[in-house]
Amino acid sequence: MMNEESTIPTRFEHAEAAEAIAQKWDQAKCAHAVVNPDRKPFTIVIPPPNVTGALHLGHGLNNTLQDMVIRTKRMQGFETLWMPGTDHAGIATQAVVERRLKESENLTRHDLGREELVKRIWAWKDQYEKRILGQLKRMGCSCDWDRVRFTLDDRCAAAVRATFFDLFGKQLVYRGKRLVNWDTFLQTAVSDDEVENVTQQGHFWHIFYDVIDPKPGEPARVEIATTRPETLLGDTAVAVHPDPARALEKVASELAAKLTDASEKEKPLVQKQIDELTKRRETMLGDLKKLCDMAADGRMVMLPLLDRPIPLVADVWAKPEMGTGCVKITPAHDPNDYEVGKRVGLPMLNILNPDGTLNAEAGKYQGLTIPKARIAVVADLDEIGLLGDIEDREIELPHSDRSKTPIEPYLADQWFVKMDTLAESAMQLVRDDSVKIFPQRFRKGYLDWLGEKRDWPVSRQLWWGHQIPIWSKTGLSQSQAETLVKEMDAIVGDDKDSIRYQVDIAEDETRGVFVCLKGEGDARESAIESLGLERDPDVLDTWFSSALWPHSTLGWPEKTPELDYFYPTNTLITSRDIITLWVARMVLMSWNNLGVIPFREVFIHPKILDGLGETMSKSKGNGVDPNDIIDKFGPDALRFGLAWLATDTQDVRMPVQYECPACEKLIDQTRKNRSQPKLECPACKASFSTQWAETEADKALPKGAVVSERFETARNFVNKLWNAARFVLMNMEGYKPQTIDVDALPLEDRWLLSRLSTVTKQVTEGIETYKFAEVSRVLYDFAWDEFCSFYVEIAKPRLADDDQRALTQAVMAHGLDTLLKLLHPVMPFVTESIWGYLGEVAPERGLSPVKATPFVMTSKWPESIAGHYDESIERQFAEFQQVVGAIRKIRASQNIAPRETLPVAIRCSQSSTGLLEPMRAYLEGLAGAEVIAIGTDAKPFETDGPLSLPSIDIDVHVDLAKFIDVEAELSRLEKLLGNLVKQITGKQQKLNNESFVSRAPEEVVQGERSSLSDLVKQRESVEGDIKRLRTKSI
RNA sequence: GGGCGCUUAGCUCAGUUGGUUAGAGCAUCUCGUUUACACCGAGAGGGUCGGGGGUUCGAGUCCCUCAGCGCCCACCA
């Protein structure tokens, strides 16, 4: 026999335990999934974290929830696959590496060249992938680590190529123009995310365009206003509103409405706007109307400086209430003008070279930079008298985040995915519930976004990503194109399955030949290139490969057994900001590639915000590394804490603190201190560094981790469970497995079984429906308040009783066994650790004892046994707990020392007697009560402190002879009486209300009546006691 | 500007289809180291459920409205 005292340590040392356990799981391949026709599969693919940086708490939450589902399903007997991996995150990762390159070596990517830069990024990826996977493992994520994928690995690349090739063949990808944010310094396009608007002092230049051949009564010239006069060189029209009168009318009525509602403070402002509008209608409307008619007649104006006639067009973009009411249209260099150009059908005139100088279209301004061109254009306009007023004005100018230079909107050739049919399919699959989205409200955003059916621009002017598998030659004459086609035909030969090409006609009538190759390293590449075709340098949008993630990771386009078995996946758990970018695209791509859905359900979990309500991010300094939480609180506490907070209505607000590395004091993070390189601990005055530390001196200081005390509850819970388990284990000496006859069990054991049955049901259903917070709460309350505070307490006297000991051990072992299983998905390490110790003292256990599995992780999920649920026992136990509570209350109010037993007499019904009589011993243990009498005729004591229990017909009488503090007791009773009277009055009023009695359901009225009569009884009893005490005290 | 949420104790949040006296954790106060646990136990104080209106016998819960906060999308010559 072993010495049970030494079996289980007094404390759960999570750091050592977790590492050892993770290793054992790993060795036993607990999380490895194989194709197994005997079992049903259950699959989740991880939302692949970006390799940009380390994981933060948002990932912590995301992966905790996935692991809870996966672990539950694994225990339920499914062949569970949780596919892990990371995302190459094109622009973000390239930007990070380029920034570091600049900082540490003062090099740009052009200095390195494409190949070398990509090599550097791969090195970065290796480093962060390792870090990320390490974080996931430390959290206990039971991914299948033998299957780790990366969105840029060979398998994903094959899927990307196959998909692009397929879409190209179906003519669902096409080449089009798109305005990109052009960084003239880095000579690259940057994504919208990397553009920041900087407010600057600028000017608003008014410029006149002469009307060509004005008729009498018509305006001789048109006045426009612009913040960027040099773009006039690329103008291809001047626009005016098609119905200026009505547009002004509408604005006027809106303003009028606003004036009525405006606060006193706003009123003068609104009034001013109205005045301006009125003036505008008087002075400008006439001209605008005429211009509008002229536009309808196809009249032209003369573009100054270049003397190029351009049309007057009518378009709603020209808002008559703004500026001069007319607007110049530069489709190639302004997003809005681009839209107008498309609507009206205008030429798109690019006037820029990639380096930001003007090209030949700019005539004599060719070669000038934009700032210089602006000065020249303004000066020349002034000279020829076409320059009007110059207003000072604050303007928002887009700047590149990376080079800090102004962005130029620049029209470039891009590849697009045609969305109409693809989007429609993805919408239909959600509409008909083939893919279910939880919580439901997120369906709308998904459907609305897809409903716009905007084509998806997929080219990115980057080096890090899947290079577009297109070779092309453009600017060809018709005959050149025909020749090239013949040459291509020869190369293609009979093999039309892996190579396709198209001939496009550009706006300028030139031809372009575009070839798409299906396979990587196709031998024909060089033949194609020798014909003068060049590979498109651009890469695909990161989301293109992410969209294939669920099937590409399983081997598609190969028809692998895994794909056949594990696909479609079961559920996707992700954050709401990528429902459109990612979720929607996975659905449509899966449908396009395989004709099936990628997953059956999508669960959208909340976001984690900091204490100021802001999203966490590294750039703000409020990001929390799960590892820091694990160091301080342990992995189980991290997981439980996150699950506890993950309700589906609210984002998680989590105040964060710095932890002083010297004294462990927590210092609240504020907007101010979160951007400091070093801080001083207010308690111990030690200095510590933060993530912003830059100087050598600061970096040398110990680093203060960013943590949150919100995990304390969870850490305490882990400790509580550990200690309850210790108690059980320390009392298992002499344990022998025995078959348990449930019907013959004493009440307290049947109560435990009943509760276990209920809790099992709640937890199982809760996981099924993604109610993670609810599941956590149910488990917390049951484990703490019922298993520990109640069952274990009751077990103490039973274990001391030789007649009851063996049975108690058997039931207790079963109870702990079940509890460990239920808690395992959310707290894998501590449960696994305890499971190991329990296996040593009670290797066979259960109601019909069986040998326990080596790991709780691979044990069988508990079943809710309907026959164990016993409503009347649960209700009776609630009564018992109320009696206990009542006695404790009076002990506290009378300040009775814990060692003093308190005589009690309990007056209650016959049926309550049946329950309470066998519980005498427990009343002593739990409440320090010596039970003198229980039953219908139990009498009050001479010096009585009565405790009447609402809604159950019980009076607890307490003999206070030894203890009584009359004043304290009287004040307690009077307070109680006041409370009772208040309630009674309320009930009486309610019951005297004719319409309540007649309209409310019978059972509600009955309930009120019976609770009123209980209250009245209690009042009488309390009044009697007050009287008695008063007499006695006099 | 459009959409979706949120507003409940000092703080962070629960509150199922409307139905006894609105709950939890943390924090605060009082008492307590009885051999699982002070990361503990017992108890207490603390809320006119953002404001206003409505529906109903009855509203934290349903409807309207106002205010504040957050997120997503669009837009700002």
Side-chain angles (χ1 to χ4, degrees), chain A residues 8 10-12 197 204 224-228 231 239 261 317-319 322-324 326-330 334-337 395-396 439 441-442 444-445 448-449 452 576-577 579-580 606-607 609 611 613-615 633 637 644-645 647 649-655 708-710 712-731 771 773-774 777 780-781 788-789 792-793 796 885 888-893 895-899 925-928 950-951 979-980 982-983 986-987 990 993-1001 1003-1005 1007-1008 1010-1012 1014-1015:
Chain A
I8 179 163
T10 48
R11 293 180 66 89
F12 177 57
N197 283 323
F204 208 38
I224 58 93
T226 179
T227 55
R228 304 190 52 198
T231 60
D261 296 342
W317 169 240
K319 294 175 186 151
M322 306 276 288
T324 65
C326 296
V327 55
K328 61 194 269 313
I329 302 295
T330 322
D334 180 276
N336 298 302
D337 292 6
I395 49 172
E396 296 231 311
R441 64 176 183 277
F442 291 112
K444 188 174 160 51
D448 287 353
W449 186 81
E452 290 179 25
R576 79 172 95 89
D577 35 11
I579 296 173
T580 52
K607 293 184 72 107
L609 311 175
E614 297 180 25
T615 53
F633 299 104
W644 172 268
L645 295 169
T647 64
T649 50
Q650 292 223 60
D651 285 336
V652 177
R653 191 178 290 215
M654 182 170 296
S708 174
E709 60 190 354
R710 303 298 306 280
E712 278 177 5
T713 304
R715 183 252 268 131
N716 296 352
F717 182 46
V718 171
N719 178 256
K720 186 73 183 176
L721 180 71
W722 180 259
N723 279 296
R726 266 184 71 217
F727 173 83
V728 173
L729 294 167
M730 283 161 55
N731 284 284
K771 308 260 185 241
E774 201 180 302
R777 272 159 232 271
Y780 182 93
D781 292 344
C788 294
S789 297
V792 165
E793 287 308 321
K796 284 174 181 174
R888 284 172 171 175
K889 233 177 243 186
I890 199 164
R891 291 188 70 108
S893 72
N895 246 325
I896 298 169
R899 288 195 177 273
L926 293 170
S951 75
N979 200 342
L980 285 168
K982 214 165 85 190
Q983 282 185 66
K987 297 248 183 258
K990 204 169 191 181
N993 183 341
E994 181 57 33
S995 48
F996 171 70
V997 178
S998 61
R999 295 197 198 200
E1003 62 208 52
V1004 173
V1005 177
E1008 290 294 302
S1010 78
S1011 88
L1012 176 62
D1014 282 340
L1015 289 167

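Keep in mind the model is a prediction, meaning the values are calculated, not measured.
- The phosphate of B:C40 has OP1 or OP2 within less than 4.0 Å of a side-chain N or O from A:Asn716.
- Rounded to whole angstrom, the span from the CG atom of A:Asn723 across to the P atom of B:G41 amounts to 10 Å.
- Using modelled atom types and a 3.5 Å distance limit, the side chains of A:Lys328 and A:Thr231 yield a donor-acceptor pair.
- When the side-chain nitrogen and oxygen atoms of A:Thr647 are compared with OP1 and OP2 of B:A14, one or more of them lie within a distance under 4.0 Å.
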Quick test: give all pairs of protein nitrogen or oxygen and nucleotides 2-7 of chain B nitrogen or oxygen below 3.5 Å, distance rounded to 0.1 Å.
unit_1, atom_1, unit_2, atom_2, d
B:G5, O2', A:Thr649, O, 3.2
B:C6, O2', A:Gln650, OE1, 3.2

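- Under the Watson-Crick or G-U wobble criterion, with both distances below 3.5 Å, B:C49 is left unpaired in every strand shown.
- Contact annotation for A:Lys771: no contact, since no heavy-atom pair falls under 4.0 Å across all strands.
- In this entry the distance linking NZ of A:Lys720 with P of B:A36 reads 11 Å, nearest Å.
- For the P atom pair drawn from B:U28 and B:G60, the interatomic distance equals 32 Å after rounding to whole Å.
- Comparing B:U55 with B:G23, their P atoms sit 29 Å apart, to the nearest whole Å.
- Judged by Watson-Crick or G-U wobble contacts below 3.5 Å, the nucleotide B:U55 has no partner.
- The nucleotide whose nearest atom lies closest to any side-chain atom of A:Val1004 is, among B:G19, B:A77, B:U21, B:G19.
- Look at B:C11: its Watson-Crick or wobble partner, with both distances under 3.5 angstrom, is B:G25.
- The pairing partner recorded for B:G1 is B:C73, the criterion being a Watson-Crick or G-U wobble arrangement whose two distances lie under 3.5 angstrom.
- In this structure, B:C6 forms a base pair with B:G68, meeting either the Watson-Crick or the G-U wobble geometry with both donor-acceptor distances under 3.5 Å.
- With a cut-off of 3.5 Å on both pairing distances, B:U61 has no Watson-Crick or G-U wobble partner at all.
- Under 3.5 Å, the side chain of A:Glu793 and the base of B:A36 form at least one donor-acceptor pair of N or O atoms.
- A 3.5 Å limit on both hydrogen-bonding distances identifies no Watson-Crick or G-U partner for B:U20.
- A:Leu926 places its CG atom 16 Å from the C1' atom of B:G43, with the value rounded to the nearest Å.
- Judged by Watson-Crick or G-U wobble contacts below 3.5 Å, the nucleotide B:A42 has B:U30 as its partner.
- Going from the P atom of B:G25 to that of B:U61 covers 25 Å, rounded to whole Å.
- Between A:Arg777 and B:A14, a side-chain N or O to OP1/OP2 separation shorter than 4.0 Å is absent.
- Applying the side chain to side chain donor-acceptor pair (under 3.5 Å) criterion to A:Lys987, with sequence neighbours excluded, gives A:Glu1008.
- In this entry the distance linking CG of A:Leu1012 with P of B:U21 reads 12 Å, nearest Å.
- Atom CH2 in A:Trp644 sits about 11 Å away from atom P in B:A24, given to the nearest Å.
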